[in-house]
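Naming convention: chains lettered A, B, ... in sequence-line order (proteins, then strands); numbering from 1 in each chain.
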2 protein chains.
Amino acid sequence: MFAEGCPSSAVPIRIGEKWAGMVLVCLADGPRRFSELKVPLRGVTPKVLTETLRALERDGMITRTAYDEMPPRVEYALTDLGRSLFAMMHACREWAEANLPDVLAAREAYLDAQAEARTRDAG
Amino acid sequence: MFAEGCPSSAVPIRIGEKWAGMVLVCLADGPRRFSELKVPLRGVTPKVLTETLRALERDGMITRTAYDEMPPRVEYALTDLGRSLFAMMHACREWAEANLPDVLAAREAYLDAQAEARTRDAG
DNA sequence: CTGCATCCCGTGGGATACTG
DNA sequence: CAGTATCCCACGGGATGCAG
């Protein structure tokens, strides 16, 4: 169980990566340029955006097309694999939204239980 | 898009957390004790396992039941919410396994393209 | 415009030792 | 047995500045 070579350990996409998912969303309905991605992704620095794009490109989720022009123009687009991943993530997102209320309720209950425990200790 | 209060940002579960997913797997077919979790999760330290379990408990994914005995006994079990998340993660895992070959191929192609670019620059 | 270089920092996660 | 207490480090990610 959970051995070294386990395929689950090799799970390719780190949807934990802070911006990867948002990039997929931004590319969902068509190719976008580097600067077009920076707009909706408020707060992302060029360095981090580049890293994210490189990782997605490396894993075959997006393509990078550089046009030899001045000023430079580069377009990023989803591959079939990327679209497949996007669909997967969409399902995850729907799960999250559907269950968010329960999670929030659980957190509140947890906090309350803690507070009660503290009261009991103090009293 | 991607505003502050966006529910997607509040996505409750960090499946990126290194051990959280494995814990769910370990609890999938019944409650387990702390020490019973440490066995399959080779390499996890008690501190980190505790942190992971606390986070899952806080979010309502698992329950923690402490029996007042000597020696101490504590059992962790999935909640309905946890089982739901487990099912979600199972789907993610199946996607990953199904698409792993493609990702690996993409990585190799990416490396080859890089090597070729270097050769071109040098020559 | 599209990045790369550099520096920096918080935090997730690990090692080790100790306790009720 | 089931943790807690400390210490520590790598690394993801951010800020800033520069270059082709």
Side-chain angles (χ1 to χ4, degrees), chain A residues 2 4 9 11-23 26-27 31-59 62-77 110 113-114 117-118 120-121, chain B residues 2 4 9 11-23 26-27 31-59 62-77 110 113-114 117-118 120-121:
Chain A
F2 306 127
E4 280 301 309
S9 310
V11 170
I13 278 308
R14 324 197 29 190
I15 47 185
E17 279 195 1
K18 185 166 182 182
W19 302 98
M22 302 191 208
V23 167
C26 291
L27 294 178
R32 291 283 181 272
R33 304 178 57 174
F34 191 85
S35 52
E36 290 175 329
L37 289 172
K38 276 198 295 188
V39 177
L41 271 33
R42 271 182 295 277
V44 71
T45 62
K47 175 200 158 197
V48 172
L49 181 54
T50 299
E51 286 170 353
T52 302
L53 290 168
R54 287 284 186 283
L56 288 172
E57 185 194 359
R58 197 177 77 102
D59 286 351
I62 66 178
T63 58
R64 177 182 184 276
T65 311
Y67 300 91
D68 199 357
E69 306 171 354
M70 270 307 280
R73 182 164 61 98
V74 178
E75 277 193 349
Y76 296 91
Y110 184 80
Q114 273 194 329
R118 269 197 303 276
R120 197 169 43 248
D121 289 353
Chain B
F2 306 128
E4 280 301 310
S9 310
V11 170
I13 277 308
R14 325 199 27 190
I15 48 184
E17 279 195 1
K18 186 164 181 183
W19 301 98
M22 301 190 206
V23 167
C26 290
L27 294 179
R32 293 280 181 273
R33 306 178 56 172
F34 191 86
S35 53
E36 290 174 328
L37 290 172
K38 278 198 295 188
V39 177
L41 272 33
R42 271 181 295 276
V44 70
T45 60
K47 174 200 158 197
V48 172
L49 181 53
T50 299
E51 286 170 354
T52 302
L53 290 168
R54 287 284 187 282
L56 288 172
E57 184 193 1
R58 195 177 77 104
D59 286 351
I62 65 177
T63 57
R64 177 182 183 277
T65 311
Y67 300 89
D68 198 358
E69 306 172 351
M70 272 304 282
R73 182 163 63 99
V74 178
E75 277 193 349
Y76 295 91
Y110 185 80
Q114 273 195 329
R118 268 196 305 275
R120 195 169 45 249
D121 290 352

message: Set out, in order, the CA-CA distance, both residues' side-chain angles and the distance that settles side chain to side chain contact (heavy atoms under 4.5 Å, CB included) for B:Thr50 and B:Phe34, then state yes or no.
response: CA-CA 9 Å; B:Thr50 299; B:Phe34 191 86; 3.6 Å; yes

Tell me the closest heavy-atom pair linking [X] and [Y], and the distance in Å.
X: A:Arg32; Y: A:Cys26; value: CG-O, 3.6 Å
X: A:Leu27; Y: A:Leu37; value: CD2-CD2, 4.1 Å
X: A:Val23; Y: A:Leu41; value: CG2-CD2, 3.8 Å
X: B:Arg42; Y: B:Trp19; value: O-CH2, 3.7 Å
X: A:Glu36; Y: A:Arg33; value: OE1-N, 2.7 Å

Open item on the list: Quick check on contacts: within residues 65-77 of chain B, what sits under 4.0 Å from DNA chain C by heavy-atom distance?
Closed with: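 Listed by number, they are B:Pro72.
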
Quick check: any donor-acceptor pair below 3.5 Å linking the side-chain of B:Lys47 to the base of C:dG14?
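Looking at the base of C:dG14, it does pair with a donor or acceptor on the side chain of B:Lys47 (distance under 3.5 Å).
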
Using whole Å, report how far [atom1] of [X] lies from [atom2] of [N].
X: A:Phe34; N: C:dT2; atom1: CZ; atom2: P; result: 7 Å
X: A:Leu49; N: C:dC4; atom1: CG; atom2: P; result: 11 Å
X: B:Arg54; N: D:dA2; atom1: CZ; atom2: P; result: 12 Å
X: B:Leu41; N: C:dG13; atom1: CG; atom2: C1'; result: 14 Å
X: A:Lys18; N: C:dG10; atom1: NZ; atom2: C1'; result: 12 Å

- Query: Looking only at side-chain N and O atoms, does B:Arg33 come under 4.0 Å of OP1 or OP2 in D:dA2?
  - Reply: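 The answer is yes; a side-chain N or O of B:Arg33 sits under 4.0 Å from OP1 or OP2.
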
Check: residues 67-76 of chain B side-chain donor-acceptor pairs under 3.5 Å, at least two apart:
| unit_1 | atom_1 | unit_2 | atom_2 | d |
| --- | --- | --- | --- | --- |
| B:Glu69 | OE1 | B:Arg73 | NE | 3.4 |
| B:Glu69 | OE2 | B:Arg73 | NH2 | 3.2 |
| B:Tyr76 | OH | B:Arg64 | NE | 3.4 |

### Nucleotide of D:dA2, C:dG3, D:dG13 approaching A:Arg64 most closely (side-chain heavy atoms)
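That would be C:dG3.
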
Candidates D:dG13, C:dT16, C:dG3 - which lies nearest the side chain of A:Val48:
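Within the option list, the nearest is D:dG13.
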
Exercise. Roughly how bent is the helix from C:dC1-D:dG20 to C:dG20-D:dC1 end to end, in steps of 10 degrees, with each end axis from five pairs?
Worked result: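 Roughly 50°, once rounded to the nearest ten degrees.
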
Worksheet entry | Residue closer to the 5' end of DNA chain D, A:Thr52 versus B:Ser35 (nearest nucleotide) |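 In this pair, the answer is B:Ser35.
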
| Position toward the 5' end of DNA chain D (nearest nucleotide), B:Pro46 or A:Trp19 |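 The residue closer to the strand's 5' end, by nearest nucleotide, is B:Pro46.
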
